[in-house]
Amino acid sequence: MTRKPLIAGNWKMNKTTVEAASLSQDIAYNYHDSLDDADIVLCPPFIDLKTVNTVLTFDHSKIKLGAQDVYWEKPGPYTGAIAPNMLKEVGCSYCIVGHSERREFFGETDQDINRKIRALLEVGIRPIVCCGENLELREAGEALAFVVSQVKAALADIPAALAKTLALAYEPIWAIGTGRTATPEAAEEVCCALRACLAQRYGADVADQIRILYGGSLKAENAAHFSPQPNIDGGLIGGAALDARNFIDLAKAFV
Ligand code: PEP
């Protein structure tokens, strides 16, 4: 089955509101091609979401808006947190969940990630669920089993009808921000195992609809090695998403 590529830019903790307006404008002005053939998503910091949404709406752009995180509770006394309905109102249709930086620096557990996914699906936001092994697990030959176990835990109690709207992002930790990618073959091996895990859980039809992304030092120059892989349906991009030209060229490699 042909899946629509999904290319999401994770801006992490970068860009003031003024800078976010400029970068999103640059991307929206310059990326006109193939927007019907791919979902392009910008994920700025919370504080920039409204501004980026205004820029994209003003431009009548088909580029979509995503958040980098969410809290699973309904609005209430949770200082510093943002609820799914707040993301929805500001125009988000996607949200990254379980990025390795959130697991490492903010102590997110698989159970937290599962709660976040369920809360997002309840309001119709598509989660981009991250998974990935560290170098130690990779060198010990345990990467596949580890990543599959992360995804199984993340998807606990999520029915097929909702699961088919989410995406997975395989991001080996040792490849994030290091300039060192997985080989396309190694990334494909993990993405293929993830699809097999989805098929076992939800059936082949649903597994075929779920997009699986690769992330980890993707750039315009190396994206074309990953895009032909049968189980890689796009990319989650960090550093290269902060430069309009690089992000656009990278996205085009998947379309
Ligand atoms: C990421 O953090 O999701 C990521 C893939 O970062 P980078 O592209 O910079 O490796």
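Whatever order the structure lists ligands and atoms in, that order sets their numbers, starting from 1. This structure is a prediction, so every number in the text was calculated from the model and none was measured.
In this structure, Leu135 places its CG atom where more than 12 heavy-atom neighbours from other residues, nucleotides or ligands lie under 6.0 Å away. Around atom NZ of Lys12, more than 12 heavy atoms belonging to other residues, nucleotides or ligands sit under 6.0 Å away. For Glu221, the CD atom counts as densely surrounded, since its 6.0 Å shell holds more than 12 non-hydrogen atoms of other residues, nucleotides or ligands.
Atom numbering of ligand 1 starts at 1 in the shown order; those under 4.0 Å from a heavy atom of Gly177 are 7 (P), 9 (O), 10 (O). Short contacts between ligand 1 and Gly216, defined as distances under 4.0 Å to a heavy atom of the residue, involve ligand atoms 5 (C), 10 (O). The ligand atoms of ligand 1 that sit less than 4.0 angstrom from a heavy atom of Ser217 are 7 (P), 8 (O), 10 (O). Heavy-atom contacts of Asn10 reach the following atoms of ligand 1: 2 (O), 3 (O) (cutoff under 4.0 Å). Atoms of ligand 1 lying under 4.0 Å from at least one heavy atom of Ala175, given by number and element, are 10 (O).
Residue Ile237 has no N or O atom closer than 3.5 Å to an N or O atom of ligand 1. Polar contact with ligand 1: present for Lys12 (N/O pair, distance under 3.5 Å). For the pair Gly239 and ligand 1, the shortest N or O to N or O distance falls below 3.5 Å.
Contacts with ligand 1 closer than 4.0 Å are made by heavy atoms of both the backbone and the side chain of Ile176.
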Legend entry - CA sep, side-chain torsions, deciding dist, call: Arg103, Asp110, salt bridge (Lys or Arg N to Asp or Glu O under 4.0 Å): CA-CA 9 Å; Arg103 295 179 193 252; Asp110 285 336; 2.8 Å; yes

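Of all protein heavy atoms, the one closest to atom 8 (O) of ligand 1 is Gly238 N, 2.8 Å.
Under the 3.5 Å distance criterion, the side-chain polar atoms of Asn231 are left unmatched by any main-chain donor or acceptor of Glu188. When atom types are taken as modelled, the side chain of Asp243 and the backbone of Ala240 share no donor-acceptor pair closer than 3.5 angstrom. A donor-acceptor contact shorter than 3.5 Å is absent between the side chain of Glu108 and the backbone of Glu104. No donor-acceptor pair closer than 3.5 Å links the side chain of Thr51 to the backbone N or O of Thr17.
Of the options His99, Glu171, Arg180, the smallest heavy-atom separation from atom 5 (C) of ligand 1 is shown by Glu171.
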